[in-house]
Amino acid sequence: MTKSELIARLAERFPQLVAKDADFAVKMMLDALTAALARGDRIEIRGFGSFALNFRPPRVGRNPKSGDKVQVPEKYVPHFKAGKELRERVDYPE
Amino acid sequence: MTLTKAELADLLFEKVGLNKREAKDMVEAFFDEVRAALEKGDSVKLSGFGNFQLRDKPQRPGRNPKTGEEIPITARRVVTFHASQKLKAAVEAFPRGNSQQP
């Protein structure tokens, strides 16, 4: 499912809204999720999962082409952990 | 600070002009649709944000960390999230220019 397919499904579920509203709503939500992580905030969506930042310490990497050592600075990367309901629903049935 | 469905609904109320009920339902429906696609075995690609994919993991040997007893970890299907380049770039700079810790 792509973003445009998601928007189309939401537009169908909310026939009282104009199609543009579903489009705008999805974009607003994704922007808000991105902005929260960029501020270092956690995101917790009950029944779905949580997003947080993981720290990556600085390391010495190598340029794979030339073999030169390069300092890779510390950074944060986004991390998603599926919530209980999502985990159980995607797993194989018992 | 933690972002939750309540804040997302407030945002849709303030910025998109949905009424409170619609805003709450829209947030719920958004995550519900993503969950339903994953449940069906579809991956979800939200361009500019990231992809949710499914991985089938085979059974592997495990151990009860308390008792040391060996028990197999059963084969399972799990969700993985891969952040887009745009999302990675947005968080990479944290906390430079921001004193807050996650």
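Numbers restart at 1 for each chain; the letters A, B, ... are given by sequence-line order, proteins then strands.
The greatest number of non-hydrogen atom pairs below 4.5 Å with chain A, out of B/Ser47, B/Gly48, B/Ala37, B/Ala89, is found for B/Ser47. In terms of non-hydrogen atom pairs under 4.5 Å with chain B, the most contact-rich of A/Ala35, A/Ala52, A/Gly47, A/Ser4 is A/Gly47. Put simply, of A/Arg9, A/Arg13, A/Lys81, A/Glu5, the one with the most heavy-atom pairs under 4.5 Å next to chain B is A/Arg13. Ranking A/Asp31, A/Val77, A/Ile7, A/Leu33 against chain B, the residue ahead of the rest is A/Leu33, based on heavy-atom pairs under 4.5 Å. For the set A/Pro78, A/Ala36, A/Ala82, the entry with the most heavy-atom pairs within less than 4.5 Å of chain B is A/Pro78. Interface check for chain B: of the options A/Phe55, A/Phe80, A/Phe48, A/Phe24, the most heavy-atom pairs under 4.5 Å are formed by A/Phe48. For chain A, the option among B/Lys40, B/Arg76, B/Arg35 with the highest count of heavy-atom pairs below 4.5 Å is B/Arg35. Counting heavy-atom pairs closer than 4.5 Å to chain B, the top-ranked of the candidates A/Gln16, A/Arg87, A/Arg89 is A/Arg89.
A 6.0 Å sphere centred on NZ of B/Lys45 holds no more than 12 heavy atoms belonging to other residues, nucleotides or ligands.
Checked by atom type and distance alone, the side chain of B/Asn51 never pairs as donor or acceptor with a backbone atom of B/His82 at under 3.5 Å.
Between A/Phe51 and B/Phe52, the ring-plane angle classifies as perpendicular under the 30° and 60° cut-offs.
A pairwise comparison of heavy atoms in A/Lys3 and B/Leu46 identifies CA-CD2, 4.0 Å as the closest pair. Counting all heavy atoms, side chain and backbone alike, B/Phe31 lies closest to B/Leu8 at CE1-CD1, 3.9 Å.
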